[in-house]
Amino acid sequence: TASGGTGSGDGQAVVEDAKKYLGLPYIWGGTDPTKGLDCSGLVQRVYKDLGSDMTRISADQARFGSPVASLADAQPGDILAWDNSSRNNGADHVAIYIGDGKMIEAARPGTNIRISDVYGSPIIRRILPDAGTTGVPGTTGVPGTAATAGTSGTVNGWKAITGTAF
């Protein structure tokens with residue numbers, strides 16, 4: 001099961017948790033909220049605070065959960081991801097959608113974690129159950145469990161998919 005929290009399935013809880021990191025400096029590779037975070041460190045930290053065993057790398061985070069068709073369908077707490085570079089395979093930037101076309105992101109060195117407008121056409125992933133539904137606790141798709149590639153499920157209300165490319 002996911003460790004260290006309730007995995008409440010509440011997008012507003014994700015947003016509120018992310019807001020407590022506003023103003024923290026961007027540090028490449030940063031995972032320590034007392035020093036600074038990078039984009040994937042921020043996403044990992046927020047979901048960990050709420051009980052989800054989120055992976056660390058942005059390309060992997062962009063495959064977590066289930067796809068969302070468009071920004072018009074996005075809900076607070078969804079992960080936004082971009083593949084901005086040909087240097088690496090997959091998404092190289094992630095942020096947390098907060099609603100109304102805005103996101104919380106750790107953008108790049110020299111900036112602080114901030115609220116900004118969503119730009120471009122991000123990949124959107126839903127980690128939480130859809131609004132109005134409840135998750136069915138289980139173990140499929142959680143790192144460290146015996147999930148089968150390509151299967152999906154929920155743990156403490158958090159969606160997870162393993163072995164599925166976006």
State, to 0.1 Å, how close Ala91 and Ala62 come at their nearest heavy-atom pair, and which atoms those are. CB-CB, 3.6 Å
From Ile104, Val118, Ile124, residue fulfilling side chain to side chain contact (heavy atoms under 4.5 Å, CB included) relative to Tyr97: Val118
Check for me, please, whether Tyr47 and Val15 land in the same ILVMFWY cluster - side-chain distances under 4.5 Å, paths through other members count. yes
Does the Arg125 side chain pair with the main chain of Arg63, one donor and one acceptor, at a distance under 3.5 Å? yes
From Ile115 atom CD1 to Ile113 atom CD1, the distance as rounded to the nearest 0.5 Å: 11.5 Å
Sidechain-backbone polar pair: Asp78 side chain, Gln75 backbone, donor-acceptor under 3.5 Å: yes
Under the rule for side chain to side chain contact (heavy atoms under 4.5 Å, CB included), what residues qualify as partners of Arg56, not counting sequence neighbours? Thr31, Asp38, Ser40, Gln44
Could you tell me which non-hydrogen atom of Asp17 sits nearest to which non-hydrogen atom of Arg45, and how far apart they are? OD2-O, 4.4 Å
How far apart are the closest heavy atoms of Phe64 and Ser52, and which atoms are they? CE2-OG, 4.3 Å
When clusters are formed by joining ILVMFWY residues with side-chain heavy atoms under 4.5 Å apart, either directly or through shared neighbours, do Leu42 and Leu80 land in the same one? no
If two hydrophobic side chains count as joined below 4.5 Å and joins carry through other members, does Met103 share a cluster with Val43? no
Check whether any side-chain heavy atom of Ile96 sits under 4.5 Å from a side-chain heavy atom of Tyr21, and report yes or no. no
Quick one: pull up CG in Leu50 and CD in Glu16 and give me the separation to the nearest 0.5 Å. 10.5 Å
Leu24 with Trp28, same ILVMFWY side-chain cluster at under 4.5 Å: no
Indicate the atoms forming the closest heavy-atom contact of Arg114 with Ala107, along with that distance. NH2-CB, 3.3 Å
Closest heavy-atom pair and its distance - Trp82, Tyr119: NE1-O, 3.0 Å
Do Val68 and Ile98 land in one hydrophobic cluster if side-chain heavy atoms of ILVMFWY residues count as linked below 4.5 Å? no
How far apart are the C-alpha atoms of His93 and Glu105, what are their side-chain angles, what is the distance that settles it, and do they pass the side-chain contact (heavy atoms from CB on, under 4.5 Å) test? CA-CA 9 Å; His93 184 58; Glu105 68 172 338; 2.8 Å; yes
Between Asp117 and Lys102, is the salt bridge (charged side-chain N to carboxylate O under 4.0 Å, His left out) condition met? List the steps. CA-CA 5 Å; Asp117 293 328; Lys102 304 275 186 197; 2.5 Å; yes
